[in-house]
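Working notes, structure below.
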Amino acid sequence: MAISASMVKELREMTGAGMMDCKKALTNTDGDMDKAVEWLRENGLAKAEKKAGRIAAEGMVAVKVSEDGKKAAIVEVNSETDFVAKNEVFQNMVNSVATQAVGTSASDLSAFLAEPWCEDSSVTVEENLKNMIAKIGENMNIRRFEKVEQPDGLIVSYIHAGGKIGVLVSAETGDASDQVRECLKDVAMQVAAMNPKYLSSDDVSEEYKEKEKEVLLAQAKNDPANANKPDNIIEKMIMGRLNKELKEVCLTEQIYVKAENKETVAKYVDSVAKAAGTDIKLTGFVRFETGEGIEKKEEDFAAEVAAQMK
């Protein structure tokens with residue numbers, strides 16, 4: 001039968017496969033849409049291993065929080081191109097991976113990939129990923145996941161720029177009101193924007209502090225302006241600089257970005273707790289940024305589109 005452009009378009013929308021691949025699949029299956037999907041799947045799987053060597057540094061971060069707000073997960077799934085990261089089929093899959101992660105019992109990625117897939121227990125998470133590589137037409141990678149539990153409080157999530165950055169913030173509190181949730185959402189936005197390394201200075205190891213002091217001491221002694229200053233004055237200078245640095249990398253001690261009076265995040269949370277007549281104690285956060293730490297291949301948008309058309 002004749003294969004129309006609308007049939008090719010429909011198959012492409014269903015599978016995310018390339019236009020020429022869709023046309024070939026329909027031609028080989030006499031226009032049977034279901035058989036064409038299966039044909040793409042089978043042939044795509046044969047190519048999946050070749051695609052696995054390609055750099056996957058784009059993609060998205062997704063989060064999932066349980067209805068009671070006491071369990072949550074955050075995942076990063078990578079694709080080769082931003083073009084595919086914006087594909088609805090890919091985005092739906094990543095959100096499903098986050099749902100899988102909320103209920104997982106796995107402690108590492110290998111165990112996670114070996115689990116039965118939450119939407120089809122006849123395949124594993126890894127096998128489903130290979131099926132998606134076949135549909136999408138380029139390499140993908142479930143890079144990492146983290147599960148958070150807060151039985152005595154609440155977990156709130158925040159997604160920035162459609163999945164470029166994802167954040168989970170947990171707190172001990174007996175209040176799950178909109179006021180408290182909004183406060184924790186504001187804290188999550190702070191984490192997204194300011195990228196703290198620690199919850200508070202209490203979480204910073206003495207080893208880290210001593211190493212930073214050594215660096216600051218060397219800087220101070222190499223500065224001609226400090227040549228005639230006594231050691232006790234230099235020591236005070238170093239401690240002042242160290243404390244300033246810690247305020248920049250510790251969430252609760254950072255200046256709250258939405259504050260007009262330069263209050264810290266800790267003081268902002270305390271003020272909300274007081275207004276709500278409850279206790280709010282921040283217990284942790286997780287921040288994933290898509291592609292962080294991955295060496296990206298430089299490609300311009302025109303080349304990316306041309307690669308997709310091929």
Side-chain angles (χ1 to χ4, degrees), residues 9-18 21-22 25 29 32-49 51-52 56 58-149 155 157-159 162-164 166-168 286 288 290:
K9 182 174 181 288
E10 182 183 352
L11 183 59
R12 176 170 167 73
E13 288 173 352
M14 286 172 64
T15 65
D21 286 337
C22 289
T29 56
D32 187 309
M33 200 64 69
D34 291 336
K35 288 182 180 178
V37 171
E38 192 62 30
W39 188 94
L40 283 169
R41 206 175 145 197
E42 290 172 357
N43 284 273
L45 280 173
K47 300 172 187 175
E49 295 305 317
K51 296 186 178 83
E58 298 296 337
M60 68 177 279
V61 174
V63 294
K64 179 72 175 179
V65 182
S66 62
E67 286 188 17
D68 62 6
K70 299 186 183 301
K71 293 182 180 181
I74 182 168
V75 301
E76 179 187 355
V77 181
N78 300 121
S79 60
E80 291 180 54
T81 61
D82 187 53
F83 184 86
V84 162
K86 293 174 180 175
N87 181 305
E88 187 178 356
V89 175
F90 174 80
Q91 292 179 350
N92 289 340
M93 186 271 287
V94 179
N95 285 316
S96 294
V97 173
T99 299
Q100 174 93 22
V102 172
T104 189
S105 57
S107 58
D108 58 45
L109 190 58
S110 295
F112 181 73
L113 291 171
E115 286 185 338
W117 177 235
C118 61
E119 295 180 358
D120 179 2
S121 59
S122 67
V123 296
T124 64
V125 174
E126 186 171 24
E127 286 168 342
N128 179 72
L129 178 65
K130 287 185 176 180
N131 290 344
M132 290 303 299
I133 291 172
K135 287 184 179 181
I136 298 292
E138 68 177 49
N139 189 30
M140 292 183 293
N141 176 43
I142 298 176
R143 185 185 182 198
R144 53 181 170 164
F145 76 95
E146 189 162 336
K147 186 176 176 180
V148 178
E149 296 189 21
I155 304 167
S157 65
Y158 172 68
I159 287 289
K164 290 297 182 185
V167 177
L168 295 175
V286 184
F288 281 4
T290 302

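This is a predicted model, so every value here is computed, not measured. Positions are given from 1 along the sequence.
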task: List in chain and number order the residues that pass side chain to side chain donor-acceptor pair (under 3.5 Å) with Lys35, two or more places apart in sequence or in another chain; answer none if no residue qualifies.
output: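 With neighbours one apart ignored, the set is empty.
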query: In chain order, what residues pass the side chain to side chain donor-acceptor pair (under 3.5 Å) check against Asn92, with sequence neighbours excluded?
result: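 Asn92 satisfies side chain to side chain donor-acceptor pair (under 3.5 Å) with no residue once adjacent residues are dropped.
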Write down the atom of [X], the atom of [Y], and the distance for their closest heavy-atom approach.
X: Ile155; Y: Val65; answer: O-CG1, 3.7 Å
X: Ala73; Y: Ala101; answer: CB-CB, 3.5 Å
X: Val61; Y: Lys164; answer: CG2-O, 4.3 Å
X: Val167; Y: Ile74; answer: N-CD1, 4.0 Å
X: Thr29; Y: Trp39; answer: CG2-CB, 4.1 Å

Donor-acceptor contact below 3.5 Å, side chain [X] vs main chain [Y]:
X: Glu80; Y: Glu138; value: no
X: Asn78; Y: Glu58; value: yes
X: Thr290; Y: Gly163; value: yes

Nearest 0.5 angstrom please: [X] [atom1] to [Y] [atom2], how far?
X: Lys135; Y: Asp21; atom1: NZ; atom2: CG; value: 15.0 Å
X: Ile159; Y: Phe288; atom1: CD1; atom2: CZ; value: 11.0 Å
X: Cys22; Y: Glu10; atom1: SG; atom2: CD; value: 10.5 Å
X: Glu146; Y: Glu76; atom1: CD; atom2: CD; value: 12.5 Å
X: Lys64; Y: Leu168; atom1: NZ; atom2: CG; value: 12.5 Å
X: Thr124; Y: Leu129; atom1: OG1; atom2: CG; value: 9.0 Å

field: Test side chain to side chain contact (heavy atoms under 4.5 Å, CB included) applied to Val77 and Met132, Met93, Met60, Arg143, the passing residue
entry: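 Result: among Met132, Met93, Met60, Arg143, Met93 is the only option passing the side chain to side chain contact (heavy atoms under 4.5 Å, CB included) with Val77.
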Is there side-chain contact between [X] and [Y], with at least one heavy-atom pair below 4.5 Å?
X: Val102; Y: Phe145; result: no
X: Phe83; Y: Asn87; result: no
X: Ile136; Y: Val89; result: yes
X: Asp120; Y: Asn128; result: no

task: Could you give me the CA-CA distance, side-chain angles and deciding distance for Val75 and Ile142, then say whether side chain to side chain contact (heavy atoms under 4.5 Å, CB included) is met?
output: CA-CA 8 Å; Val75 301; Ile142 298 176; 5.7 Å; no
message: Show me the pairs that pass side-chain hydrogen bond (donor to acceptor under 3.5 Å, both in side chains) and involve residues 94-108, at least two apart or across chains.
response: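 Output for this query lists Ser96-Glu119, Gln100-Glu115, Thr104-Glu115.
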message: For Lys71, I'd like to know if atom NZ has over 12 heavy atoms of other residues, nucleotides or ligands within 6.0 Å.
response: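 Result for NZ/Lys71: open.
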